[in-house]
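Okay, structure first, notes after.
What you are looking at is a predicted structure, and each value in this text was computed from that prediction instead of being measured. Chain naming here is simple, since letters A, B, ... match the order of the sequence lines and numbering starts at 1 in each.
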Amino acid sequence: SPVRLSRCASVVELAHALRYNHSVMGIEISKAYDPKTVEDKWYADWLSKGHFTANPSSTKLPYSIVIPPPNVTGVLTMGHALNNTLQDILARRKRMQGYEVLWLPGTDHAGIATQTVVEKTLRKQGVIKHRDDLGRDKFLEKVWEWKEKHGGIIVQQLKKLGCSCDWTRERFTMDEPYSAAVLRTFVDLYKKGFIYRGKRMVNWDPAGRTALSDEEVIMTETQGHLWHIRYGTDVVVATTRPETMLGDEAVAVHPDDPRYRHLIGKKLVLPLRNKAIPVIADAAVDPKFGTGCVKVTPAHDLADYEMALRHKLPFTVVISPDGTMTKEAGEDFEGLDRFECREAVVEQLKEAGLLVKVEEYTHNVGHSERTNVPIEPYLSEQWFLRYPQVTESISAVETGAIKFYPERWSKTYMHWMRNIRDWCLSRQLWWGHRIPVWYRGDEVYCGLEAPTGDGWTQDPDVLDTWFSSWLWPFETMDEATRKKFYPTTDLVTGPDIIFLWVARMIMAGYEYTDAKPFGTVYFTGIIRDTQGRKMSKSLGNSPDPLDLIAKYGADGLRFGLMLIAPQGQDILFDEKRSEVGRNFMNKLWNAARFIQMQRAGNPPARPHNAHDHRVLHELNAVITKVSATLDVYKFNDAAKELYDFIWGDFCDWYIEASKVSPNIAVLDEVFGVILRLLHPFAPFITEELWNSMGYATSTIQFASWPEAKLQGRMEIVIETQALYGIVTGGRQLRNDNGVDPKKKVQFAIKPSKHADFFRAETAFLAGILNAESVTIDEQYVSTGLTPSLVTNAATVFMVGAVDPAAEHEKQTKQLADIAKQITGTEAKLANESFVQRAAPIAVQREREKLAMLREQREKIQALLTKLV
RNA sequence: GGGCGUGUAGUUCAGUUGGCUAGAACGUUCGGAUCACACCCGAAAGGUCACAGGUUCAAGUCCUGUCACGCCCACCA
């Protein structure tokens, strides 16, 4: 079974074991990183030591972030994995930068979502047909049972992902103190006159049997029909909803429409109902659409409702709240579902010869966000909120007091804020915060407690879930915590809830704390599958992040996600991404093993050589870039920088060079910085290696964030770069000429510069090129057929037998390439306008380039003459 | 109907204030059990930068228009 590096008796013993017999006291050492043995152990350790617990009395600068609370009974999705990885990166980096960090977690009761699920389950179990069968109290008991059973799963999953939340402060929107705050807010806004009750046309969800806010309605393009129905000799109306005709109270035409002017004020007989209804004139009618005649159904269409108010028409309700037809619809239709009724009405019209024609028609139909059934416009008494602090909230984003990333979302925000409409707060549900209003006859009382006296009954409805969520950034905190950590610093969320949640939190923040709730909002992309489809349960295209963690490790999943999560762009996710992440972690693991092995038998340090200079120089650059990109929330750029540096620069070049002459001090210095830079992205493996490498005796979480400092002498870095160019050239020669990698060959290097430098690096060159010998000779003249390649600092010759024809062809091709470039560059420099008008640096650059190209051309021409 | 975003290699994406032969990763092809790692190493092939105009010495990059896809907003029945 694999054993951790840190468990080995001593570094020396370990290194010895790895080098010679791969075992320590008979135990096999794992070559591959195994996340399972590492992750749970460290998470438990961090928790037990309270590393995530925020201290309000700390003197450090505060950094805070509140989690977008997931549904209490939900399970982790790829969206959560993305969102929470981003938050964890922010939090962990700030801890390393010396901030006192609060990442406040919690869950949302998610009124309609949770209630729907519980109801459905109970129905499936045969316990009930409808929630009314149980009654309010019994039903709520069942929901709480459900919450106890399924709540907290997502919290465990967030821990698996490595989230460094302060779990001692975990909140739930239906906790006692939080609920009290929600009700207090309602009463306060009622007293201030922002909340009122009114009979209005609302979005009704017949499946959930509740009203919804405009934001909870999703418009979906739907393939439907436009039925043309004869209402009288001269009148044909077109409708997408024939069943509503049973509740028609008028036909409307435009007042100036000459075709119908003579009918205005006359009466028609409503088909199927045999009821007389008037023809009215209203400017809302578009004479160019359809026939120019509109049927008016006051109780089941918003536009018709408003028209009915203007014309004082009666409101005949033909569809009941559960979506079935009422008695008013007539005995033929009473009790039918609204869509069955549609067919029945069409059938009867057809029989009566009143159906003039049917057109295919695509239009947008509102659907319930939660139950996904078509919304029914429904006239009912509901509670509404006129939003407070609208102008303040607009200017907060306008002035940059609150900053959006990516910036463009502020336009969406502005548009909504400037066209803001009152918020329908009441929901005809039981799971949630019950509206703190009592009625007795005509009396209405709003308060935290029931009024004294007999005969008062409380409003049966509960509040919209978002009416509790909008208080999240401050009502989750106690006095001391708020004093230290509010306003919060960053918020990370999806752009799909910019209205539902973000905008409302801003308004609540200004109303109740006189401050913005957060300084920055980072909007993530939406995770899609490789075909660009949104991930959803029903499509079955959403991988379970827990499965991915089991297969690739949390760090692998996290890093793979970060590599492809560009700012504000949707993310096409594929399991391959996690594989890339896992492979990278394994690479890191093995780099550590390499360093461990080098520690045995090598002095702790030696003077810096060229490779040391270069890696330190690149290290400095990567620190700068990672910090700069993270500062502007470009997580994927930071991840890419780390990936390229660690794999490309550190492993491919520096570790390879170390095989010739290791410098333990530099290996450790660079690797220590790597672990710290990588820790926010990959918390588990970095903690494991930080400890097993012995960089510190305590957690990496509070190790200082690396600072860039100028290191590595620039002229040596340039020379080393040229040296690596020779290596690439030599490898190319071997490959192009089909030389077996095991076969040792002789190389001759004819430098055009840096000759002494290259001479000092022959051991390195010989090692990395698997050469029998490497000669550096400014005067080198090839004898016979010697494949060669021109780099910008030298010509590389591979001494040995080759196919002259193939070599000639290759060199000719290269010559052609160079000739083409020379022609282009010459043309550019011959252009008077370019020389005169372009930036002098650009011209200079072109001249230098031309000189270099000509030099290369000469060399190749010289080679070619020898090949003939 | 209005707004926003995206079109670059087979795929997913980089590409700074216009200025190297347009890059990377994955995939593909070729070679390789080398003593950190086959979850690896080395090399190669692969592009009319959606299209059409324009500005400029110079356009993937700036401007105009067109097309395609995606998202958000909007009570034409």
Mind checking if [X] touches a base, just sugar-phosphate, or nothing, with heavy atoms under 4.0 Å?
X	result
K659(A)	base
D496(A)	nothing
T825(A)	nothing
W227(A)	nothing
R582(A)	base
D286(A)	base
C651(A)	base
K576(A)	sugar-phosphate

Any [X] side-chain N or O less than 4.0 Å from OP1/OP2 of [N]:
X	N	result
R421(A)	rC75(B)	yes
W647(A)	rA36(B)	no
Q732(A)	rG42(B)	no
Y361(A)	rA77(B)	yes

Rounded [atom1] spacing from [N] to [M] in Å:
N	M	atom1	result
rC39(B)	rA25(B)	C1'	15 Å
rC63(B)	rU55(B)	P	15 Å
rG15(B)	rA9(B)	P	15 Å
rA43(B)	rU8(B)	P	28 Å
rU29(B)	rG10(B)	C1'	13 Å
rC40(B)	rC4(B)	C1'	45 Å
rG60(B)	rG42(B)	P	32 Å
rU64(B)	rU6(B)	P	15 Å

Please determine, for the side chain of [X], which listed nucleotide ([options]) has the closest atom?
X	options	value
K742(A)	rG19(B), rA33(B), rC73(B)	rA33(B)
R593(A)	rA36(B), rC57(B), rA44(B)	rA36(B)
E656(A)	rC26(B), rC37(B), rA24(B)	rC37(B)
F499(A)	rA77(B), rC75(B), rC72(B)	rC72(B)
A842(A)	rG19(B), rA36(B), rG5(B)	rG19(B)
A838(A)	rA24(B), rC76(B), rC57(B)	rC57(B)
F289(A)	rC37(B), rC73(B), rC76(B)	rC76(B)
F834(A)	rA36(B), rG19(B), rC39(B)	rG19(B)
R837(A)	rA43(B), rC75(B), rU56(B)	rU56(B)
N831(A)	rC57(B), rC41(B), rA74(B)	rC57(B)

Take the protein atom [atom1] of [X] and the nucleotide atom [atom2] of [N], then report the distance between them rounded to whole Å.
X	N	atom1	atom2	value
E369(A)	rC72(B)	CD	P	11 Å
N590(A)	rC37(B)	CG	C1'	3 Å
R731(A)	rG31(B)	CZ	C1'	14 Å
H254(A)	rC76(B)	NE2	C1'	13 Å
M219(A)	rA74(B)	CE	P	8 Å
Y643(A)	rA14(B)	OH	P	17 Å
R734(A)	rG42(B)	CZ	P	14 Å
E221(A)	rG70(B)	CD	C1'	13 Å

**OP:** Show the numbers, then the answer: is there a side-chain hydrogen bond (donor to acceptor under 3.5 Å, both in side chains) between Y33(A) and E688(A)?
**Re:** CA-CA 11 Å; Y33(A) 171 57; E688(A) 172 72 12; over 6 Å; no

Original post:
Closer to the 5' end of RNA chain B via nearest nucleotide, is it A591(A) or K849(A)?
Top reply: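 Mapping each residue to its closest nucleotide by heavy atoms, the 5'-most match is K849(A).
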
Flag the pair [X] and [Y] as a salt bridge only when some basic side-chain nitrogen lies within less than 4.0 angstrom of an acidic carboxylate oxygen.
X	Y	answer
K576(A)	D574(A)	no
E826(A)	R854(A)	yes
E579(A)	K551(A)	no
E243(A)	R342(A)	yes
E848(A)	R845(A)	no
R599(A)	D668(A)	yes

Original post:
For RNA chain B, what string of dots and brackets results from 5' to 3' when Watson-Crick and G-U pairs need both distances under 3.5 Å, crossing pairs get [ ], and pairs with another strand get |?
Top reply: (((((((..((((.....[...)))).(((((.......))))).....(((((..]....))))))))))))....

Original post:
Going by atom types alone, do H367(A) and T220(A) pair a side-chain donor with an acceptor below 3.5 Å?
Top reply: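 Yes - a donor-acceptor pair under 3.5 Å links their side chains.
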
Original post:
Hey, what's the ring geometry for W409(A) with F523(A), parallel, tilted or perpendicular (30° and 60° as the breaks)?
Top reply: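 Ring orientation of W409(A) relative to F523(A): tilted.
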
Original post:
Hey, would you say the F289(A) and H254(A) ring centroids sit under 6.0 Å apart?
Top reply: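 No: the rings miss the under 6.0 Å criterion.
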
**OP:** Go through the steps for F584(A) and Y643(A) under the test ring pair (Phe, Tyr, Trp, His ring centres under 6.0 Å), then give the verdict.
**Re:** CA-CA 8 Å; F584(A) 182 55; Y643(A) 187 89; 4.9 Å; yes

**OP:** Kindly indicate whether the side chain of N735(A) and the base of rG31(B) share any N or O donor-acceptor pair separated by less than 3.5 Å?
**Re:**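 For N735(A), whose side chain was compared with the base of rG31(B), there is no donor-acceptor pair (under 3.5 Å).
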
**OP:** Establish whether the base of rC20(B) is bridged to the side chain of R845(A) by a donor-acceptor pair shorter than 3.5 Å.
**Re:**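 No such pair is found, so the answer is no.
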
